[in-house]
Amino acid sequence: MPVDLSGTWNMVSNENFEDYMLALGIDFATRKIAKMVKPQKVIRQNGDNFTIRTLSTFRNYLVQFKVGEEFDEDTKGLDNRKCKSLVTWDNDRLTCVQKGEKMNRGWTHWIDGDELHLEMFCEGHVCKQRFQRA
Ligand code: 1AG
């Protein structure tokens, strides 16, 4: 049985987000606002089916997928690109590869103690976020 990431999680730290956004080509004004917000993750894990909502006062983002099945992702409201995304379990880490215009792009979620971790990476830049249960 894989771990269960389900729940409502509040961001408690956000390292290197600016670099990650720069790698994605996010404009100055958007970056200034985006780095101020503390998003909440609302994750629903039902077997291999996931719904992950990232909610904030500025933007919201929704992604739904089945582990092991490639899907078309439109990062609407973020960098507005189209990706072929594939999420798999790497031991207890839920890992997404986002194939598209940007090289080496993706993210990894895992739980350590009572915290949810997220690393988002793009072209060698890594943003590290931690969340605690709401
Ligand atoms: C994600 O999380 C994306 C979640 O896939 C959003 C996190 C970073 C934003 C990415 C690029 C920055 C572009 C624009 C900034 C605008 C708003 C940022 C703050 C609000 C976020 C909605 C991985 C995983 C599954 O949890 O989605």
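Just follow the structure's listing: the first ligand is 1, and inside any ligand the first atom is 1. Scope of the values below: all heavy atoms of this structure, side chains included, with no hydrogens, waters or symmetry mates.
Considering K41, R81, Q98 only, the shortest heavy-atom separation from atom 26 (O) of ligand 1 involves K41. Comparing Y20, F58, W9 by heavy-atom distance to atom 10 (C) of ligand 1, the nearest is Y20.
Of the heavy atoms in T75, none comes closer than 4.0 Å to ligand 1. Of the heavy atoms in R31, none comes closer than 4.0 Å to ligand 1. Contacts between L78 and ligand 1 below 4.0 angstrom, taking non-hydrogen atoms only, involve backbone and side chain alike.
The ring pair (Phe, Tyr, Trp, His ring centres under 6.0 Å) test applied to F58 returns no partner, not counting sequence neighbours. Considering only residues two or more places apart in sequence or on other chains, F50 meets the ring pair (Phe, Tyr, Trp, His ring centres under 6.0 Å) condition with F65.
For Q129, the closest heavy-atom approach to ligand 1 does not fall below 4.0 Å.
Note: F17 and Y20 have parallel aromatic rings, judged against thresholds of 30 and 60 degrees for the angle between ring planes.
Taking every non-hydrogen atom of S56 and a distance limit under 4.0 Å, the qualifying atoms of ligand 1 come out as 20 (C).
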Begin with the C-alpha distance, continue with both residues' side-chain angles, and end with the deciding distance and a verdict on side chain to side chain donor-acceptor pair (under 3.5 Å) for N104 and E123. CA-CA 5 Å; N104 187 28; E123 301 195 328; over 6 Å; no

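For a threshold of 3.5 Å applied to N or O pairs, the pair formed by H109 and ligand 1 contains at least one separation below that value.
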